[in-house]
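First up is the structure itself, then whatever we jot down about it.
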2 protein chains.
Amino acid sequence: MATHQTTIIDIARALGISKSTVSRALTGHANVNEKTRQRILDMAAQVDYQRNQLAISLLTNRTGTVGIIVPEFISFFFPKVIIGAQEEMTKSGYNVVICHSNESYETEVANAKALLASRVDGLIVSHTKETRNFDHFKVFQRKGIPVVFFNRVCEDMNVSNVTVDDYNGAFRAVEHLIQTGRRRIAHLAGPDTLTNSRNRLNGYRDALKQYGLPIDPELIIAYDLNLDKANIYVNHLLNLPQPPDALFAINDPTALEALNIAKRRGLCVPDDLAIVGFSDDPMSALIEPGLTTVAQPVNEIGQQAAYILLKQLLAKGDDFQPERIVLPTNLIIRGSTVKPRSGDL
Amino acid sequence: MATHQTTIIDIARALGISKSTVSRALTGHANVNEKTRQRILDMAAQVDYQRNQLAISLLTNRTGTVGIIVPEFISFFFPKVIIGAQEEMTKSGYNVVICHSNESYETEVANAKALLASRVDGLIVSHTKETRNFDHFKVFQRKGIPVVFFNRVCEDMNVSNVTVDDYNGAFRAVEHLIQTGRRRIAHLAGPDTLTNSRNRLNGYRDALKQYGLPIDPELIIAYDLNLDKANIYVNHLLNLPQPPDALFAINDPTALEALNIAKRRGLCVPDDLAIVGFSDDPMSALIEPGLTTVAQPVNEIGQQAAYILLKQLLAKGDDFQPERIVLPTNLIIRGSTVKPRSGDL
DNA sequence: CTGTTAGCGCATTCAC
DNA sequence: GTGAATGCGCTAACAG
């Protein structure tokens with residue numbers, strides 16, 4: 001530590017020139033004698049010179065870095081979104097730093113503060129399931145730093161966001177269950193703090209309504225997405241006097257958990273219990289039977305979030321109208337709802 | 001943009017005092033009149049003051065941030081390691097930024113440069129499968145910024161690293177296959193740029209040797225971990241005149257791919273083909289038959305990496321002796337190598 | 001083509 | 001207990 005960082009002054013001194021010239025040469029400025037430039041570049045390489053981004057950012061009030069905050073990244077969803085976003089940002093010369101809030105409101109606030117303190121130029125975020133207060137994001141807005149939400153969005157902030165059509169995806173999933181003969185369809189929902197969770201629940205409800213099926217509160221359970229507990233709720237549903245003949249789960253991990261429980265209880269999926277998930281986790285195609293699920297264009301979510309952020313970054317102070325992108329979902333039918341006809345495999 | 005960021009000077013002016021006092025109050029320094037301090041704190045809150053970490057870092061030559069570079073984070077392994085590392089670093093007041101090299105050498109170099117430019121205090125890294133030149137990491141060393149490798153380590157740098165006992169894990173996996181009667185055991189290995197890949201290959205070899213089995217080059221295939229190609233190699237192996245009766249795969253995704261191919265070809269796993277993976281991906285327990293695999297203490301890898309980094313960060317300039325931690329692995333036996341006895345499920 | 005000067009926002013001496 | 005002055009490393013006017 002404390003090993004003196006080589007600066008442009010060191011280079012300037014070593015070469016007997018001024019630091020301005022060094023700076024110009026290093027930043028690829030014109031107006032530098034070709035020979036001088038070469039000497040500077042050589043010397044810089046020789047002494048391991050690395051520009052100090054801190055100083056530059058302090059000066060230019062621009063870091064060239066955007067932050068992404070995600071609540072988790074164990075399931076494939078968030079990593080894929082991040083990759084999509086990162087690709088686009090990198091193309092435009094932005095650096096991306098990723099923060100992991102771990103579904104903790106406190107950590108999320110700390111992340112936001114750290115990113116604000118390090119003066120990121122923009123922020124892409126999907127909030128935790130605990131987040132009810134969005135003040136830590138509103139600060140960014142007030143300071144003119146663009147924010148884009150995705151997946152889980154904040155409805156009372158006037159910011160851009162990227163979502164999928166959760167309502168319609170859920171609707172079609174439940175419709176599919178009805179059309180294949182199910183009448184008692186349960187829904188293992190997410191916490192009502194999450195917009196996507198609420199929208200999926202509404203899609204579920206409306207599908208039942210539209211097909212004249214009763215909405216049985218007994219069959220709707222909202223839980224905190226903690227997989228350990230999914231276990232309890234699925235068993236609870238299956239132990240009901242009139243158990244469901246189908247389950248629409250808030251996401252694939254939950255659905256896969258349900259699928260395993262059903263199998264372990266000796267139920268036949270899809271005959272005794274049909275199951276539908278959400279997101280098309282790669283695991284859904286590997287398991288047996290395959291899991292019917294509502295696919296999301298995951299990579300594209302990240303891309304779109306990046307596009308919007310870039311647009312907003314470019315627009316600068318000008319009054320930028322927030323955009324709200326809704327991407328389509330796609331029902332993928334597999335063995336957990338429909339028996340494969342022989343020969344299909 | 002360009003909305004003037006509120007600084008301590010703004011606060012000082014508003015209160016008719018000097019910025020020094022404001023600075024002292026804000027950093028929790030002693031020697032500030034209690035009343036003055038309160039006025040300053042109130043004003044700071046009122047105007048949304050956020051300290052500019054860039055300026056502080058520039059001044060103190062310390063950012064309080066460490067970087068983590070990982071080659072991918074779609075599989076569960078790297079995210080879990082990151083979470084483990086992040087927990088520890090956060091406890092000690094460090095901020096963690098994550099970079100994703102996407103298995104691209106070029107991106108990795110860019111990441112390293114960016115982290116260096118933003119003056120991270122330390123670096124935790126697992127390099128890409130393309131990385132043969134480690135100059136972009138050696139710069140950190142030369143500048144006195146501690147580096148800790150994990151999982152995939154650089155052997156010709158004198159730095160700390162955290163690995164698992166890949167050799168022994170592989171050895172015991174292959175031993176298990178031999179002890180359960182397999183004689184033609186194939187190995188779908190990783191690229192020889194990766195230390196863990198090489199160590200696992202050695203473990204495989206030595207197990208065969210120790211049990212007097214021939215090492216058949218035909219049964220050893222090193223591939224680039226690109227899952228699309230696993231397909232080709234597995235089929236190639238199964239099409240051999242004398243196909244293998246067991247496969248030890250470099251990691252679980254590869255093993256799962258193999259398992260699916262075997263099933264699709266109508267083979268019975270484990271009778272016709274036994275399969276072992278590496279890492280105990282959660283998917284391994286879900287699939288049927290369950291995948292026998294060599295488990296790694298994933299979370300602990302991250303923790304240990306963080307511990308070492310923190311120790312090194314504390315040691316500062318003092319000559320710090322690099323540590324090399326090797327964590328144990330654990331063979332988990334499932335249905336892909338051993339038929340469950342009835343009743344076991 | 002090159003040198004001089006002036007800050008970016010802040011913590012930290014040193015005075016008082 | 002407080003203010004004034006200094007400089008972290010750099011870029012961008014401004015003069016030659």
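Naming convention: chains lettered A, B, ... in sequence-line order (proteins, then strands); numbering from 1 in each chain. All values below come from the heavy atoms of this structure, side chains included, with hydrogens, waters and symmetry mates left out.
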*Measure from CD on A:Gln53 to C1' on C:dC8 and round the result to the nearest Å.*
14 Å
_Between the opening five pairs and the closing five pairs of the helix from C:dC1-D:dG16 to C:dC16-D:dG1, how far apart are the helix axes, to 10°?_
40°
*Below 4.0 Å: OP1/OP2 of D:dG3 and any side-chain N or O of B:Ser18*: yes
*Kindly indicate whether the side chain of A:Ser20 and the base of C:dT4 share any N or O donor-acceptor pair separated by less than 3.5 Å?*
yes
*Hey, which sits more toward the 5' end of DNA chain C by its nearest nucleotide, A:Asn33 or B:His29?*
A:Asn33
_Rounded distance in Å - CG (A:Asn61) to C1' (D:dT11)_ = 13 Å
Side-chain donor-acceptor pairs of residues 80-90 of chain A under 3.5 Å, sequence neighbours excluded:
unit_1	atom_1	unit_2	atom_2	d
A:Gln86	NE2	B:His100	O	3.0
A:Glu88	OE2	A:Lys91	NZ	3.1
A:Thr90	OG1	A:Gln86	O	2.7

*asked:* Go through it in stages, so that I can follow the logic: the residues are A:Leu54 and A:Leu58, the test is side-chain contact (heavy atoms from CB on, under 4.5 Å), and I'd like the CA-CA distance, side-chain angles, deciding distance and then a yes or no.
replied: CA-CA 6 Å; A:Leu54 298 174; A:Leu58 183 59; over 6 Å; no
_B:Lys138, NZ atom: more than 12 neighbouring heavy atoms under 6.0 Å_ = yes
_Integer-rounded Å distance: D:dA4 C1' and B:Ile17 CD1_ = 15 Å
_Nearest atoms (heavy-atom pairs only) where B:Pro71 meets B:Ser126_ = CD-O, 3.2 Å
*Between A:Thr36 and C:dC1, is there a side-chain N or O to OP1/OP2 distance below 4.0 Å?*
no
*Quick one: is D:dG1 close enough that its OP1 or OP2 comes under 4.0 Å of any side-chain N or O from B:Asn31?*
yes
_Using modelled atom types and a 3.5 Å cut-off, is there a donor and acceptor pairing between side-chain atoms of A:Arg152 and backbone atoms of A:His127?_
yes
*asked:* Given C:dT5, C:dC10, D:dT2, identify the nucleotide with an atom nearest to the side chain of B:Lys19.
replied: C:dC10
*Using heavy atoms to find the nearest nucleotide of DNA chain D for A:Leu58 and B:Gly16 separately, return the residue whose nucleotide is more 5′.*
B:Gly16
*Using a 4.0 Å heavy-atom cut-off across all strands, classify A:Ile56 as base, sugar-phosphate, or nothing.*
sugar-phosphate
_Heavy-atom side-chain contact between A:Val159 and A:Phe137 under 4.5 Å_ = no
*Taking the side chain of A:Leu59 as its heavy atoms from C-beta onward, which of D:dT11, C:dC10, D:dC8 lies nearest to it?*
D:dT11
*Flag side-chain contact, heavy atom, 4.5 Å: A:Thr163 against A:Phe150*: no
*Would you say the side-chain atoms of A:Thr128 and A:Thr131 include a donor-acceptor pair closer than 3.5 Å?*
yes
_Gap between atoms CG and C1', on A:Asn52 and C:dC8 respectively (whole Å)_ = 13 Å
*Strictly by modelled atom types, are A:Asp42 and A:Gln46 linked by a side-chain donor-acceptor pair under 3.5 Å?*
no
*Look at the side chain of A:Arg24 against the base of C:dG3 and say whether a donor-acceptor pair falls under 3.5 Å; ignore hydrogens and angles.*
yes
*Go through the steps to decide whether B:Gln312 and B:Val147 satisfy the test side-chain contact (heavy atoms from CB on, under 4.5 Å), and finish with yes or no.*
CA-CA 9 Å; B:Gln312 209 154 340; B:Val147 177; over 6 Å; no
*Do the side-chain N or O atoms of B:Arg51 get closer than 4.0 angstrom to the phosphate oxygens (OP1, OP2) of C:dA11?*
yes
*asked:* Students often get this wrong, so: under 4.0 angstrom with heavy atoms, is A:Ser57 touching a base, only sugar-phosphate, or nothing?
replied: nothing
*What is the distance from CG of A:Leu26 to C1' of C:dT2, rounded to the nearest Å?*
16 Å
*Between D:dT11 atom P and A:Arg62 atom CZ, what is the distance in whole Å?*
13 Å
*Atom CD of B:Glu34 to atom C1' of D:dT2: distance rounded to whole Å?*
15 Å
*Give a yes/no on whether any side-chain N or O of A:Thr21 is located under 4.0 angstrom from OP1 or OP2 of C:dG3.*
yes
*What is the distance, rounded to the nearest whole Å, between atom CD1 of B:Ile8 and atom P of D:dA4?*
13 Å
*Taking only the side-chain nitrogens and oxygens of B:Ser23, find out if one of them lies under 4.0 Å from OP1 or OP2 of C:dA11.*
yes
*asked:* Please give me every residue in residues 109-120 of chain A whose heavy atoms get under 4.0 Å of an atom in DNA chain C, ordered by residue number.
replied: none
*Answer yes if the side chains of A:Glu108 and A:His136 hold a donor-acceptor pair under 3.5 Å, and no otherwise.*
yes
*Is the phosphate of C:dC8, meaning OP1 or OP2, less than 4.0 Å from a side-chain N or O of B:Thr7?*
no
